[in-house]
Amino acid sequence: APRGCWGRRSPGAAGARLRIDRVAGPTGRVGLVAAHWDALAIGRGATIMRLAVACPALRVDVVVLTGQGSAREDEERAAFALMCPDADLRLSVHDLPDGRVPSHFDLAKDAIVAAREAGAGGLIFAPQPADAHQDHRAVGQIAPTVFRDHLIRGYEILKLGGALPTLSDCQPTDAPPRPAKPSRDR
């Protein structure tokens with residue numbers, strides 16, 4: 001197991017900082033599950049990059065349920081090459097129809113099960129089960145039924161009009177804060 005990649009979850013309330021240096025599990029593996037090609041970069045990009053730095057021998061198993069054979073698949077591969085260039089990356093992109101993952105529940109679950117059976121494990125990132133988007137929500141509901149003995153951390157892709165759930169953890173970035181919007185009262 002890679003050194004420095006295992007430990008207990010930080011105590012505290014929801015929204016606690018995720019201890020990147022201690023979460024990849026004794027196997028140094030991370031499983032990433034998403035409905036769409038861009039969800040992982042948007043929802044957990046900073047976390048993925050920090051894990052790749054903290055655990056140089058990291059194995060990253062990625063399952064994306066839509067976009068197979070499209071320009072989106074190429075973009076997903078390029079994004080992961082940048083996010084975790086030294087990781088043992090195993091990316092599986094499938095051809096379920098975008099916006100229709102719930103109506104293909106069995107195929108979605110089969111794809112995620114296949115990744116688990118191929119060795120995906122350790123820490124799992126999946127959409128949180130109350131996500132406002134139906135595709136993300138379906139994947140978030142499938143993940144804990146497939147990865148029953150794994151630590152699963154959710155992510156949210158914000159949708160206009162959707163409510164933000166209570167977050168399980170956060171990963172601060174080194175990005176500077178955005179400047180305040182000018183006041184209209186001037």
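Atom set for the values below is all heavy atoms of this structure, side chains included, hydrogens, waters and symmetry mates excluded.
The stretch residues 83-98 participates, sequence neighbours left out, in these side chain to side chain donor-acceptor pair (under 3.5 Å) pairs: H36-D98, R72-D98, D88-R90, S92-H94.
For the atom pair NZ (K109) and CD (Q141), the distance works out to 11.5 Å, reported to the nearest 0.5 Å. Note that the CZ atom of F80 and the CD atom of E75 stand 13.0 Å from one another [nearest 0.5 Å]. The distance from the CZ atom of F125 to the CZ atom of R44 is 4.5 Å, given to the nearest 0.5 Å. The distance from atom CG of D110 to atom CD of E117, rounded to the nearest 0.5 Å, is 9.0 Å. Rounded to the nearest 0.5 angstrom, L107 CG and I112 CD1 are separated by 11.0 Å. Remark: T66 OG1 to E73 CD distance equals 10.5 Å, nearest 0.5 Å.
Q68 places a side-chain N or O within donor-acceptor distance of the main-chain N or O of V93, the cut-off being under 3.5 Å. No donor-acceptor distance shorter than 3.5 angstrom exists from the side chain of R77 to the backbone of D74, with no hydrogens or angles considered. The backbone N or O of G43 lies less than 3.5 Å from no partner atom in the side chain of E156, so there is not a single donor-acceptor pair. A donor-acceptor pair under 3.5 Å is absent between the side-chain atoms of R29 and the main chain of A120, judged by distance alone. A donor-acceptor pair under 3.5 Å is formed between the side chain of R116 and the backbone N or O of V146. When atom types are taken as modelled, the side chain of D61 and the backbone of G31 share no donor-acceptor pair closer than 3.5 angstrom.
Here the closest non-hydrogen pair linking A118 and R59 is O-NH2, 2.8 Å. Closest approach of V101 and A35 over heavy atoms only: CG2-CB, 4.4 Å. Taking each heavy atom of V33 and L40 in turn, the nearest pair found is O-CD2, 4.0 Å. Considering every non-hydrogen atom in both Q134 and G99, the closest pair reads NE2-O, 3.3 Å. Scanning all heavy atoms of the two residues, the minimum distance from G28 to L58 falls at O-CD1, 3.2 Å. In terms of heavy-atom proximity, Y155 sits nearest to A34 at OH-CB, 3.3 Å.
The closest side-chain heavy-atom distance from C84 to L51 is not below 4.5 Å. Between V139 and R137 there is no side-chain heavy-atom pair separated by less than 4.5 Å.
Using the six-membered ring where Trp is involved, F147 and H150 have ring planes that are perpendicular, over 60° apart on the 30 and 60° scheme.
One hydrophobic cluster holds both F105 and L65 under the rule that ILVMFWY side chains link at heavy-atom gaps under 4.5 Å. Linking Ile, Leu, Val, Met, Phe, Trp and Tyr residues whenever their side-chain heavy atoms come within less than 4.5 Å leaves L32 and V53 in two separate clusters. Taken together through direct or relayed side-chain contacts under 4.5 Å among Ile, Leu, Val, Met, Phe, Trp and Tyr, I42 and V64 form part of one hydrophobic cluster.
Residue-environment remark: CZ (R100) stays at or below the threshold of 12 foreign heavy atoms within 6.0 Å.
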